[in-house]
Colleague: 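Shown below is the structure under consideration.
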Amino acid sequence: MDKMRIAVGKTEETKYVGHLDFCRAVERALRRAKPPVAYSVGFNPHMRLSFGPALSVGVASDAEYVDVELTEPVDAAQFSRALTAKLPPGLVFVAAKPVSTTTALAAALNLAEYQITTRVAPTPENLVAAENAVAAFQASESVPYVRRTPKGEKTLEVKRFLAGDIALASEQDGIRLTFRLRMTSSGAVKPQEVLRLLQDRFAFPAGDAACRRLSLWAETKEGLRDPFEI
């Protein structure tokens with residue numbers, strides 16, 4: 001069966017839209033765009049769509065990935081124009097490409113890069129505090145985080161999920177952090193939880209923060225692979 005892989009961005013306007021509502025919005029846009037999407041069989045047929053890893057509420061994104069199964073081949077440029085015209089405000093069409101893989105996106109995409117900008121004045125004092133916090137975090141052998149939910153508590157070893165170092169930069173309106181997190185079969189750490197740890201345990205300057213997922217990859221033994229290449 002033919003398959004089109006698409007990338008759709010979430011702006012600041014829609015960062016509080018949950019994953020299920022995002023899925024519904026993409027499905028509605030596809031219904032209006034009217035490409036030859038394949039449907040399941042049975043009493044309640046639905047579009048055969050496969051979404052990538054869910055994005056945390058409150059996080060914007062440069063590109064979220066969706067596989068759309070089709071009943072016949074479609075020109076990618078024509079598909080792109082039709083879908084772009086039907087996406088609601090706050091969702092931005094990025095790209096589309098035919099793919100032949102049978103690998104599920106949610107399983108294949110296991111590494112994400114995030115950018116968090118804390119809106120605190122980038123004064124010399126704040127920059128030193130931020131640098132010291134990041135250095136202490138990275139020097140720590142273990143950095144556990146206790147996630148509390150209505151179902152109970154779960155302790156996560158954050159450094160197990162962190163891929164590489166945390167990059168720190170000064171911006172005109174704040175201090176920026178960039179880092180990568182792995183998603184595993186046993187769970188994942190949210191980018192906001194990394195920031196919370198830095199603030200609560202390592203005295204990173206506190207302030208309002210904007211979080212964005214910059215990219216997703218498939219991390220393999222051969223290296224990182226782009227979502228459109230798996």
Side-chain angles (χ1 to χ4, degrees), residues 1-99 101-114 147 149-151 181 183 185 187-193 210-218 226-228 230:
M1 183 172 286
D2 295 283
K3 185 182 293 185
M4 187 73 72
R5 180 161 294 164
I6 64 174
V8 177
K10 289 180 70 176
T11 68
E12 288 290 312
E13 183 181 355
T14 51
K15 68 180 182 180
Y16 291 108
V17 172
H19 182 66
L20 291 179
D21 286 331
F22 168 74
C23 296
R24 294 186 191 103
V26 171
E27 184 172 348
R28 285 195 298 269
L30 286 166
R31 290 181 190 277
R32 293 165 182 158
K34 299 180 180 179
V37 179
Y39 281 76
S40 63
V41 296
F43 179 74
N44 185 28
H46 57 272
M47 286 186 176
R48 296 182 63 89
L49 308 178
S50 175
F51 289 82
L55 184 68
S56 299
V57 173
V59 181
S61 173
D62 285 353
E64 297 301 295
Y65 295 87
V66 187
D67 279 348
V68 183
E69 293 189 23
L70 305 168
T71 58
E72 61 186 68
V74 174
D75 176 71
Q78 180 182 352
F79 183 100
S80 301
R81 287 192 296 270
L83 184 57
T84 298
K86 300 302 180 181
L87 283 171
L91 296 185
V92 181
F93 177 82
V94 178
K97 181 180 178 181
V99 294
T101 181
T102 58
T103 303
L105 277 174
L109 299 178
N110 56 8
L111 184 70
E113 183 169 80
Y114 294 95
R147 180 184 293 163
T149 71
K151 295 182 180 180
L181 291 173
M183 294 163 281
S185 58
V189 170
K190 298 177 182 179
Q192 301 99 316
E193 293 172 335
C211 183
R212 188 173 198 86
R213 184 147 79 182
L214 301 179
S215 50
L216 283 163
W217 292 286
D226 182 272
F228 283 117
I230 58 175

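Both backbone and side-chain heavy atoms feed into the values below; hydrogens, waters and symmetry mates do not.
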Colleague: Could you tell me whether the side chain of Ile230 reaches within less than 4.5 Å of the side chain of Arg5, counting heavy atoms only?
Modeller: yes

Colleague: So do the side chains of Glu113 and Trp217 get within less than 4.5 Å of each other, counting heavy atoms only?
Modeller: yes

Colleague: With sequence neighbours excluded, what pairs up with Thr84 under the side-chain hydrogen bond (donor to acceptor under 3.5 Å, both in side chains) test?
Modeller: none

Colleague: Write down the atom of Val8, the atom of Leu91, and the distance for their closest heavy-atom approach.
Modeller: CG1-CB, 4.0 Å

Colleague: Within a strict 4.5 Å, meaning less than it, do heavy atoms of the Leu55 and Phe22 side chains meet?
Modeller: no

Colleague: Which pair of non-hydrogen atoms, one from Ala95 and one from Phe93, has the smallest distance, and what is that distance?
Modeller: C-CZ, 3.3 Å

Colleague: Just by modelled atom types, is the Pro191 backbone N or O under 3.5 Å from a matching donor or acceptor in the Arg213 side chain?
Modeller: no

Colleague: Just to verify, what does Asp2 make a side-chain hydrogen bond (donor to acceptor under 3.5 Å, both in side chains) with, not counting sequence neighbours?
Modeller: none

Colleague: Without placing hydrogens or testing angles, list every side-chain donor-acceptor pair under 3.5 Å for residues 28-35, not counting sequence neighbours.
Modeller:
from, atom 1, to, atom 2, distance (Å)
Arg31, NH1, Tyr39, OH, 3.4
Arg31, NH2, Glu27, OE2, 2.7

Colleague: Going from OH on Tyr65 to CG on Asp226, what distance comes out if it is rounded to the nearest 0.5 angstrom?
Modeller: 5.5 Å

Colleague: Scan residues 47-59 for pairs that pass side chain to side chain donor-acceptor pair (under 3.5 Å), counting only residues two or more places apart or in two chains.
Modeller: Arg48-Glu69

Colleague: Measure the spacing between SG of Cys211 and CD of Glu12 and express it to the nearest 0.5 Å.
Modeller: 9.5 Å

Colleague: Locate the shortest heavy-atom distance separating Asp21 from Val17; write the atom from each residue and the value.
Modeller: CB-CG1, 3.6 Å

Colleague: Any sub-3.5 Å donor-acceptor pair from Lys10's side-chain atoms to Val59's backbone N or O?
Modeller: no

Colleague: Nearest 0.5 angstrom please: Lys97 NZ to Lys3 NZ, how far?
Modeller: 14.0 Å

Colleague: Looking at every non-hydrogen atom in both residues, tell me the closest pair between Pro53 and Met183 and how far apart they are.
Modeller: CB-SD, 3.6 Å

Colleague: In Å, rounded to the nearest 0.5 Å, how long is the span from CD of Glu64 to CG of Leu105?
Modeller: 10.5 Å

Colleague: By the salt bridge (charged side-chain N to carboxylate O under 4.0 Å, His left out) test, which pairs, at least two apart or in different chains, include something from residues 50-62?
Modeller: Asp62-Arg212

Colleague: How close do Met4 and Pro98 get, counting heavy atoms only, and between which atoms?
Modeller: SD-N, 3.5 Å

Colleague: Is the shortest side-chain heavy-atom distance between Cys23 and Leu49 below 4.5 Å?
Modeller: no

Colleague: Going by atom type alone, with no hydrogens or angles, which donor-acceptor pairs under 3.5 Å involve a side-chain atom of residues 70-77 and a protein atom two or more places apart or on another chain?
Modeller:
from, atom 1, to, atom 2, distance (Å)
Thr71, OG1, Pro36, O, 3.3
Asp75, OD2, Ala77, N, 3.2
Asp75, OD2, Gln78, N, 2.9

Colleague: For Ile6 and Phe79, which heavy atoms make the closest approach, and how far apart are they?
Modeller: CG2-CE2, 3.4 Å

